[in-house]
Amino acid sequence: MDKKIYIYNTLSLSKELFKPIDEDRVLMYVCGITAYDLSHIGHARAYITFDIIYRYLMRLGYNVIYVRNFTDIDDKIIKKANDENSTVEKISSKYIGEYHKDMDALYVLKPAYEPKATETISEMINLASGLIRKGNAYEINGDVFFRVSSFKGYGKLSHKNIDELIAGSRIPVNEEKENFLDFALWKKSKEGEPSWDSPWGKGRPGWHIECSAMSMKFLGESIDIHGGGSDLIFPHHENEIAQSESYTGRNFVNYWIHNGFVNINSEKMSKSLKNFITIRDVLDKFHPEALRLFFMFTHYRSFIDFSFEGVESAKQSLLRLYQAVNLYGEFKKLIGENRITLKKEDFSAKAENIENYTNDFYNSLSDDFNTAKALSVIFDLVRRTNKMINDSIAQSSINSEDALFLDSAAAFIKESLTGIFGLLNENPKRFIESNSADIAADGGGEDSISGEEIKKLIDERNEFRKNKDYGSADVIRKLLLEKGVVLEDTGFGTTYKFTGTKRQ
RNA sequence: GGCGGCAUAGCCAAGCGGUAAGGCAGAGGUCUGCAAAACCUCUAUACCUCGGUUCAAUUCCGAGUGCCGCCUCCA
C-alpha cells in the first residue's frame with residue numbers, strides 16, 4: 001500500500017506531503033473537551049474526524065500514538081460547581097463519564113492516553129518557571145503571563161499580524177499585563193477555588209499551558225499532528241506554539257489539522273444562540289452510525305449545516321450499505337445450497353478488477369482524508385456488486401471470475417467501512433429489520449391493536465391466501481391498515497410494522 | 001475596521017484547466033395474487049453575476065452580489 005498522503009496544514013494553508021518524524025510512527029495530539037456539560041454534535045464531528053484520521057493512519061501501517069486530553073479545571077467548571085453546590089472534581093468526572101459514553105456509542109476509538117489537566121500540574125509549573133527564566137514570561141502578584149512580544153513567530157498559525165490585532169482590539173486591557181495579547185500561564189486562585197502550590201503562591205493553571213504540558217509529557221517536544229476544531233486556531237493553538245517553542249527552542253508541531261464547524265441553519269452552533277444540539281439529542285432519534293455517515297458525506301474542513309433531515313438522509317444511505325452486505329450474504333447462501341452454479345470454464349471478456357476501486361478509495365483518503373469521495377467509490381462498488389448478484393440469481397449461475405470479484409469486493413467493503421469509517425458494526429439483518437423505511441400516516445399505532453390480535457389476523461389472511469381467496473385476504477390487509485398496521489409478505493413469511501413515525 | 005472561508009441539480013455534496021462523483025428525494029422498470037421491501041435504470045447544454053487569461057474555465061485572475069466564520073470562552 002502506498003503510504004504517500006497529503007494533509008492540509010493550517011500553518012501553510014496548503015496540502016503538504018505527510019512525513020512523520022519517525023518513519024513508522026505518528027505522534028498525534030487532539031484537544032479534548034472542557035468537562036462541564038454534555039457534549040454536543042460539534043464535539044461529535046471533531047472527534048469522529050480525528051477518529052477516522054487515527055484509524056486511517058493505522059490502516060496505512062503507522063504506529064499512531066494518540067493523545068486526547070480533558071480540561072478538568074477551568075472557570076466554567078468552577079462556576080458550574082458553585083451553581084450546583086458541588087465540587088470541581090465531581091462536575092468534571094461526571095461529564096468525563098458522559099463524554100466517554102457518547103464516544104463509545106459513536107464507535108470513536110479510545111486514544112492511547114487521555115490525560116487530565118489536573119494530573120499535569122507540576123509539568124505546567126515547570127514550563128511556566130522555565131519561560132520566566134528565559135524572559136518569555138513574567139509574574140505579577142501571583143499571576144504569570146506569557147510575553148507575546150518575546151516570540152517573533154506569534155501569529156504564524158492564525159496568519160494574524162500582531163499590530164493589527166492590537167489596532168482592532170475591542171477588549172478592555174487588563175491593566176496588569178504588559179500587553180493585552182499576553183495570556184495567563186498561571187492564575188492566582190480566588191477564595192474557595194481549587195488551588196495548587198506554586199513558586200508564585202496558591203493558584204491554578206491557565207488554559208493554553210495544559211496542552212503544551214500534556215503534549216510534551218506524552219509525546220515529546222516535537223510532534224507530527226496536533227488537531228482540534230477551527231475555533232481553536234486563535235488564540236489557543238497560537239498560544240501553544242508560542243509557549244512551547246519559546247520553551248524548547250524547537251518546532252512544536254509539524255502538521256496542524258483543524259476541522260470545520262457544525263452550523264444550525266447556516267449559523268454557528270453556540271450556547272448563547274440557544275441553537276445547541278447534544279449528541280444525546282441525536283442518538284435518541286438515530287443510530288450512531290447515521291451521524292457518523294452524515295459527517296463523512298462532507299469534507300472535514302468544510303462547515304456542515306446540521307439538520308435531522310440530513311441525518312435521516314444519511315440513515316437511508318447507511319441502510320443501502322447494510323442491504324448490500326446482506327444481499328451478498330444471501331448470495332453466498334444460494335451458492336452454498338448449489339442454487340447458483342459456479343461456472344468455472346466461463347470467463348467474462350472484461351472481468352472487473354477490484355483494485356480499480358480500492359486504489360480510488362485509498363487515493364481519496366490519502367488526499368487530505370476526503371471521506372466524501374471515498375464514499376462515492378464505495379457506493380459505486382455497491383451498485384456494481386448488487387447488479388452482479390441480481391444477475392447471477394436471475395440466471396442461476398455465475399462465472400468464477402465474477403464470484404471471485406464479489407468475494408474481494410465484499411471483503412473490501414466490510415473492512416474499509418468498519419475498519420476505517422467505523423460503520424457496519426451491527427448485524428446486517430437486525431439493522432435492516434429495525435430501520436426499514438417508515439410509512440408516514442396518521443393515526444393507528446401500537447396502542448390500537450395488540451400483537452396477538454395482529455398475529456391471529458395474519459394467520460387467517462394467510463389461510464385465505466393459501467386458498468387463493470385474495471378478496472378476503474385483502475379485506476384483512478385493509479382492516480389492519482386502518483388500525484395502522486402494514487403487512488409485508490416476504491419469502492420468510494408475513495411481517496408487519498406500524499405506520500407513523502417510528503424512531504430508531 | 002482587519003483577516004479568512006463558501007456560492008455546483010428539488011435537497012445534501014465531491015471535483016477544480018479538457019467539457020459535471022456519490023447520497024437523499026422523485027420518475028420508470030424487474031419481482032410479487034395485490035402490495036410492501038429490495039434491486040436496476042433514468043434525472044445539471046453546464047457549476048451566483050460580469051469582465052479577463054487560455055486552443056479550452058465550473059476549475060486560474062479581477063470586480064461585484066449573497067451567506068458564514070475568526071479577531072473574546074468555544075470542537
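Just so it is clear: chains get the letters A, B, ... in the order the sequence lines come, proteins before strands, and each one is counted from 1.
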Problem - A:H40 (side chain) and B:A75 (base): donor-acceptor pair under 3.5 Å - result: yes
Practice task
Check whether any side-chain nitrogen or oxygen of A:N386 sits under 4.0 Å from OP1 or OP2 of B:A38, and answer yes or no.
Solution key: no
Fill in the blank from the handout: Of the listed B:G33, B:A75, B:A14, the closest approach to the A:A372 side chain comes from B:A14
Exercise for the section: Answer yes or no: does a side-chain N or O of A:R383 lie under 4.0 Å from OP1 or OP2 of B:A21? Expected result: no
Handout entry: Candidates B:A14, B:G33, B:U41 - which lies nearest the side chain of A:Y470
Key = B:G33
Practice task
Using a strict cut-off of less than 4.0 Å between a Lys/Arg side-chain nitrogen and an Asp/Glu carboxylate oxygen, indicate whether A:K187 and A:D75 qualify as a salt bridge.
Solution key: yes
Completion exercise
Closest of B:A14, B:A75, B:U72 to the A:A46 side chain is B:A75
Exercise for the section: Mind checking A:L487 for me? I need base, sugar-phosphate or nothing, with any heavy atom below 4.0 Å counting as a touch. Expected result: base
Problem - Closest to the A:K160 side chain, choosing from B:C73, B:C70, B:C24 - result: B:C70
Practice task
Confirm from the modelled atom types if A:D474 and B:G33 form a donor-acceptor pair under 3.5 Å, side chain to base only.
Solution key: yes
Handout entry: Sugar-phosphate only, base, or nothing, as touched by A:F297 at under 4.0 Å among non-hydrogen atoms
Key = sugar-phosphate
Handout entry: Closest to side chain of A:R461, choosing from B:A21, B:G33, B:A75
Key = B:G33
Practice task
Please measure how far the P atom in B:G28 lies from the corresponding atom in B:A14, and state the result in whole Å.
Solution key: 31 Å
Practice task
Cation-pi check, A:R68 to A:Y47: give yes when NZ or CZ is under 6.0 Å from the six-membered ring centre and within 45° of the ring axis, no otherwise.
Solution key: yes
Fill in the blank from the handout: Picking from B:G22, B:A75, B:C68, the nucleotide nearest the side-chain atoms of A:L232 would be B:A75
Problem - Geometric cation-pi criterion A:K268 and A:F261, 6.0 Å radius, 45° cone - result: yes
Handout entry: Given B:G69, B:A25, B:C40, the nucleotide with the shortest approach to the side chain of A:Q316
Key = B:A25
Problem - Nearest listed nucleotide, side chain of A:R477, among B:C34, B:A25, B:C70 - result: B:C34
Handout entry: A:S302 side-chain N/O to B:A14 phosphate OP1/OP2 under 4.0 Å
Key = yes
Exercise for the section: Compute the centroid of each ring, for A:F294 and then for A:F306, and state whether the two points are separated by less than 6.0 Å. Expected result: yes
Problem - A:T298, nearest nucleotide to its side chain (from B:C24, B:G22, B:A14) - result: B:A14
Handout entry: Pair A:E84 + A:K79, salt bridge at N-O below 4.0 Å
Key = no
Exercise for the section: Identify whether any heavy atom of A:F294 sits under 4.0 Å from a base atom; if not, whether one sits that close to sugar-phosphate; answer base, sugar-phosphate or nothing. Expected result: nothing
Handout entry: pi-stack flag for A:F379 and B:G22, centroid dist under 5.5 Å, interplanar under 30°
Key = no
Problem - B:A35 phosphate, OP1 or OP2, under 4.0 Å from A:K478 side-chain N/O - result: no
Exercise for the section: Give one of base, sugar-phosphate or nothing for A:G310, where a contact means two heavy atoms less than 4.0 Å apart. Expected result: nothing
Handout entry: Residues A:D368 and A:R301 bridged, charged N to O under 4.0 Å
Key = yes
Problem - Polar pair under 3.5 Å, donor/acceptor by atom type, side chain A:R301, base B:G4 - result: no
